[in-house]
Amino acid sequence: MGEQSLRQTQPNGSGNADEVLLAVYRQNLDPIYRYIYSRVGNREDAEDLSSQVFLKAVRGLETERDDASIRSWLFQLARTTVADYWRQYYRGPTLPLTLVPSEAPALESVQEESRAPLVVEKILGDLPQNYRRVLQYRFLEGLSIKETAAEMGTSEGNVKVLQYRALRRAAELGGVYL
Amino acid sequence: MNGEDRYDILNRRIEEMLDERRAQEPGPQDPGELEMLKTAAALRGGRPSAPGPMPAFAEALEARLLRERRPAPAEAPSPSRRKLLLGGLTGIAAGLLAGIGLDRAAEQRAPLASPIPPAPDPELVGNSGRWFAICSAGEVPAGSGRRFRKGAIEGFIANRDGQWSACSAVCTHMGCVLTFREEHTDLFCPCHGGQFNTDGSVKRGRSTLKSLPGLRVKEEGGEIYVWCMEELPPATPG
């Protein structure tokens, strides 16, 4: 689509507002949803936050912009929506620096859309093997505690402890990428 | 809370997340725990098989966005009736938006006591909500019900032979708050006389009157809980 504005891409050329909105929505829902999902990790929250982003977008959409800048603007909305989500979820007395919006270092140049797998790789990369394994089984493969215990030849209780410690270590090492 | 409780809470949150569900319990209380949860979310969310939007969700949101563009109803309630409404738009909006939980009914994990009556416009709006405790199950005898106000919701719970249901208690006509009439086992609108059954369906009223949107309800540990949105910000005067 490049530099074309949405008005030019409408078949009847009338720039009907509903058609323009639908075009923006259909072109951008998938990448926006996937980005949000990659930050919140579950479908219910991803659906809620995606809805919030597009509802905000309906009110502020400037259709004279080209597709690329509309997408960029939607991703900005998505970033702040996700930041608000973590801020509202956190119940500590003081706001940690990590909740202050800022770009994560080292991965800034990468497009939002393809960043998630790299984040996973970075987070897991420096972990000891058993920590990496438990996180892979549980979060990447979605195995239950029981299944993970079977894969790792240990008890369910041990898996829970290992999962907790692995996550804590991963957060210490990889938190900067979030 | 001691360390053991936070450990259990975190493990439960992980199970919920892997089950594709939002958090049901309060969030982390220290930065370390927050980072662990963000890391968990990034690992889970960044996995190779991470899904895109479900078609049903995409369609529902599309319809919702188109409705968002339509002009608001032209006629405002007259001042004499306004006092029966909840603080202006907040209450009406809260009542009408109580249909939020409906499209999730099919995926409901906790046992739903009774089928939620269909709402006129099942809508997906991303406001935050949570389970609110209403009362203990024993306080509402079978065949009866109780009005409640929690978060942004004016609602009603009903006990039908041990099966629980919940619905909005804001009249779908003009937004007046309904009164529960024990002797008639119904919800009555003081503005125009509309009547609703305890399951939210229309008992008597003008032909265009729509049934009350259902709310998600569950019974746990002898307590009745309803999923309600948090308090909405005050509407701008208009």
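Because only heavy atoms are used, hydrogens play no part in the values below, and waters and symmetry mates are left out as well, while side chains stay in. Given the structure is predicted, the values throughout are model-derived calculations rather than measurements.
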**OP:** Please look at B:Leu10 and chain A and tell me whether the side chain, the backbone, both or neither of the residue comes under 4.5 angstrom of a heavy atom of that chain.
**Re:**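 Looking at B:Leu10, just its side chain touches chain A.
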
Original post:
Checking heavy atoms, do the side chain of B:Leu65, its backbone, both or neither come under 4.5 Å from chain A?
Top reply: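 Its backbone and side chain both get close to chain A.
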
**OP:** Go through the structure and list residues passing ring pair (Phe, Tyr, Trp, His ring centres under 6.0 Å) with B:Phe196, not counting sequence neighbours.
**Re:**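 Checked B:Phe196 against ring pair (Phe, Tyr, Trp, His ring centres under 6.0 Å); zero matches.
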
**OP:** Go through the structure and list residues passing ring pair (Phe, Tyr, Trp, His ring centres under 6.0 Å) with A:Tyr25, not counting sequence neighbours.
**Re:**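 With sequence neighbours excluded, A:Tyr25 shows a ring pair (Phe, Tyr, Trp, His ring centres under 6.0 Å) to A:Phe54, given in chain and number order.
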
Counting heavy-atom pairs closer than 4.5 Å to chain A, which one of [options] comes out on top?
options                   : result
B:Pro53, B:Gly52, B:Ala58 : B:Pro53
B:Met54, B:Glu15, B:Glu33 : B:Glu15
B:Met17, B:Arg47, B:Glu20 : B:Glu20

Subject >> Check against side-chain contact (heavy atoms from CB on, under 4.5 Å), B:Lys38 and A:Tyr89 >> reply: CA-CA 11 Å; B:Lys38 291 177 82 174; A:Tyr89 185 46; over 6 Å; no

**OP:** Would you check if the side chain of A:Glu44 reaches a backbone N or O of B:Arg22 as a donor-acceptor pair within less than 3.5 Å?
**Re:**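 Judged by distance alone, yes, a pair lies under 3.5 Å.
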
Other residues, nucleotides and ligands only: do more than 12 of their heavy atoms fall within 6.0 Å of [atom1] on [X]?
X        : atom1 : value
A:Arg133 : CZ    : yes
A:Arg165 : CZ    : no
A:Asp30  : CG    : yes

Original post:
Looking just at side-chain N and O atoms, do A:Gln163 and B:Asn11 make a donor-acceptor pair shorter than 3.5 Å?
Top reply: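 Per modelled atom types, A:Gln163 and B:Asn11 side chains form a pair under 3.5 Å.
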
Original post:
What distance separates B:Glu25 CD from A:Arg91 CZ, expressed to the nearest 0.5 Å?
Top reply: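 Those atoms lie 11.0 Å apart.
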
Original post:
Atom CG in A:Leu29, atom CG in B:Leu61: separation rounded to 0.5 Å?
Top reply: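 CG of B:Leu61 is found 6.5 Å from CG of A:Leu29.
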
Subject >> B:Phe57/A:Arg43 under side-chain contact (heavy atoms from CB on, under 4.5 Å): CA gap, chis, key distance, verdict >> reply: CA-CA 10 Å; B:Phe57 161 72; A:Arg43 176 165 47 81; over 6 Å; no

Original post:
Can B:Arg44 and A:Asn42 be said to form a side-chain contact (heavy atoms from CB on, under 4.5 Å), step by step?
Top reply: CA-CA 8 Å; B:Arg44 182 64 182 159; A:Asn42 73 89; over 6 Å; no

Subject >> Working for side-chain contact (heavy atoms from CB on, under 4.5 Å), residues A:Leu167 and B:Ile14 >> reply: CA-CA 11 Å; A:Leu167 210 49; B:Ile14 290 171; 3.7 Å; yes

Original post:
Do the non-hydrogen side-chain atoms of A:Arg168 and B:Glu35 ever get within less than 4.5 Å of each other?
Top reply: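 They are not in side-chain contact.
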
**OP:** Report yes if the side chains of B:Gln29 and A:Tyr90 come closer than 4.5 Å at any heavy-atom pair, otherwise no.
**Re:**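 The answer is no, as the side chains (C-beta and beyond) never meet within the 4.5 Å cut-off.
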
**OP:** Heavy-atom distances under 4.5 Å only: say whether A:Arg138 touches chain B with side chain, backbone, both or neither.
**Re:**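 It is both, since atoms from each part get that close.
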
Subject >> Per-residue contact mode, A:Val161 against chain B (heavy atom under 4.5 angstrom) >> reply: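 Both backbone and side chain of A:Val161 come within 4.5 Å of chain B.
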
Original post:
Thinking salt bridges, do B:Glu68 and A:Arg59 make one under a 4.0 Å N-O criterion?
Top reply: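 Yes, this pair counts.
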
